[in-house]
Amino acid sequence: MGYAYDTTNIFARILRGEIPNKTVLETEHTLAFHDIAPQAPVHVLVIPKGPYVNFDHFANEASAEEIADFTRTAGQICRAMNIAPGDGDAGYRTISNAGDHGVQEVPHYHLHILGGRVLGRMLKRAD
Ligand code: AMP
């Protein structure tokens, strides 16, 4: 199993500072920024700084330090955006699309964090 990472993808360009982003939080290994076409009042993307294509690539091949940093940053975003139910807020959904069936558009691993409205059922049929 191997993945080829496309260094020209838009999130790689964001990480290199070639195009702007609306940063929410940045750490040593992770960047979180607002989605350019938000599908809910809160729509933040969390990405590792390393060259990982999707969730399974990251989860299987990233270092424990990268994984811990990514996961903790995503958790901090939920609280910072006031959508964490444990803080009395209304809740959220995390999504990560992979490959053709996942309908992934950008081939750099990212976690969508969505909230601020009722999000409906998890999946609808595509047809
Ligand atoms: P996916 O379909 O899971 O690959 O989602 C890609 C997401 O990236 C979409 O929600 C886009 O709106 C978002 N996106 C694409 N380009 C940018 C950008 N330059 N800045 C922020 N978000 C972006």
Side-chain angles (χ1 to χ4, degrees):
M1 165 71 69
Y3 283 113
Y5 180 79
D6 170 13
T7 58
T8 67
N9 80 76
I10 194 121
F11 294 168
R13 295 181 61 205
I14 285 175
L15 286 167
R16 287 195 297 268
E18 294 168 7
I19 57 172
N21 73 93
K22 288 164 79 176
T23 298
V24 181
L25 191 59
E26 181 170 8
T27 67
E28 183 181 359
H29 297 294
T30 308
L31 179 67
F33 53 97
H34 292 284
D35 196 292
I36 203 166
Q39 296 187 38
V42 175
H43 190 170
V44 175
L45 301 173
V46 187
I47 68 172
K49 291 184 176 177
Y52 303 103
V53 171
N54 60 24
F55 170 74
D56 71 88
H57 190 201
F58 180 71
N60 283 299
E61 298 184 29
S63 69
E65 192 181 341
E66 289 174 297
I67 292 169
D69 184 83
F70 181 92
T71 304
R72 183 60 56 87
T73 301
Q76 289 175 343
I77 294 294
C78 296
R79 294 184 176 182
M81 301 309 289
N82 299 313
I83 54 176
D87 291 340
D89 295 318
Y92 57 88
R93 178 173 296 153
T94 60
I95 299 172
S96 182
N97 300 314
D100 292 340
H101 280 194
V103 195
Q104 180 179 8
E105 290 174 10
V106 180
H108 181 111
Y109 173 47
H110 51 284
L111 188 71
H112 297 257
I113 300 177
L114 297 140
R117 68 169 172 83
V118 177
L119 295 162
R121 293 182 66 85
M122 187 170 69
L123 292 175
K124 279 191 261 182
R125 290 183 63 90
D127 54 5

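If you're wondering where the values come from, they're calculated on a predicted model, not measured in any experiment. Counting starts at 1 for both ligands and their atoms, following the listed order.
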Test your reading of the structure: does I19 have an N or O sitting under 3.5 Å from an N or O of ligand 1?
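No; every N/O pair is 3.5 Å or more apart.
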
Return a yes/no value for H110: is any of its N or O atoms, backbone included, closer than 3.5 angstrom to an N or O of ligand 1?
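Yes: some nitrogen or oxygen of H110 is under 3.5 Å from one in ligand 1.
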
List ligand 1 atoms under 4.0 Å from [X], heavy atoms only on the residue side.
X    : value
E105 : 1 (P), 2 (O), 4 (O)
H34  : 21 (C)
A37  : 12 (O)
V103 : 2 (O)
Q104 : 4 (O)

Is it the case that the side chain of N9 and the backbone of F11 share a donor-acceptor pair, with hydrogens and angles ignored and the cut-off at 3.5 Å?
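A pair under 3.5 Å: yes.
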
Under 3.5 Å, side chain of R117 to main-chain N/O of Q39, donor-acceptor pair present?
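Yes; judged by distance alone, with no hydrogens or angles, the pair exists.
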
Judged on heavy-atom distance to atom 21 (C) of ligand 1, which of I36, N97, V44 sits nearest?
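Selected option, by shortest heavy-atom distance: I36.
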
Is V46 reachable from L31 through a run of I, L, V, M, F, W or Y residues, each pair having side-chain heavy atoms under 4.5 Å apart?
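No; V46 is not reachable from L31 via cluster members.
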
Taking the ring centre of each residue, are H110 and H108 less than 6.0 Å apart?
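No, the ring of H110 stays outside the 6.0 Å limit from the ring of H108, centre to centre.
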
I'd like to know if N21 contacts ligand 1, where contact means a heavy-atom distance under 4.0 Å to any ligand atom.
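N21 does not count as a contact of ligand 1 under the 4.0 Å cut-off.
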
Would H112 count as a contact of ligand 1 if the rule is a heavy atom under 4.0 Å away?
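Contact present.
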
Per the side-chain hydrogen bond (donor to acceptor under 3.5 Å, both in side chains) rule, what does the pair list look like for residues 62-82, sequence neighbours excluded?
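Every pair satisfying side-chain hydrogen bond (donor to acceptor under 3.5 Å, both in side chains) with a residue in residues 62-82: T27-D69, H29-E65, T30-D69, Y52-E66, S63-E66.
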
Quick one: nearest non-hydrogen protein atom to atom 8 (O) of ligand 1, plus distance?
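Scanning the protein heavy atoms, the shortest distance from atom 8 (O) of ligand 1 goes to F11 CZ, 3.4 Å.
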
What protein heavy atom is closest to atom 13 (C) of ligand 1, reported as residue, atom name and distance in Å?
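Atom 13 (C) of ligand 1 sits closest to the protein heavy atom D35 OD2, 3.3 Å.
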
Any I14 side-chain heavy atom under 4.5 Å of F33 side chain
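Side-chain contact under 4.5 Å: yes.
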
Nearest non-hydrogen partners of A74 and I113, listed with the distance:
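That closest heavy-atom pairing would be O-CD1, 3.7 Å.
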
Counting only heavy atoms not in D100, do more than 12 sit closer than 6.0 Å to its CG atom?
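No, not enclosed.
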
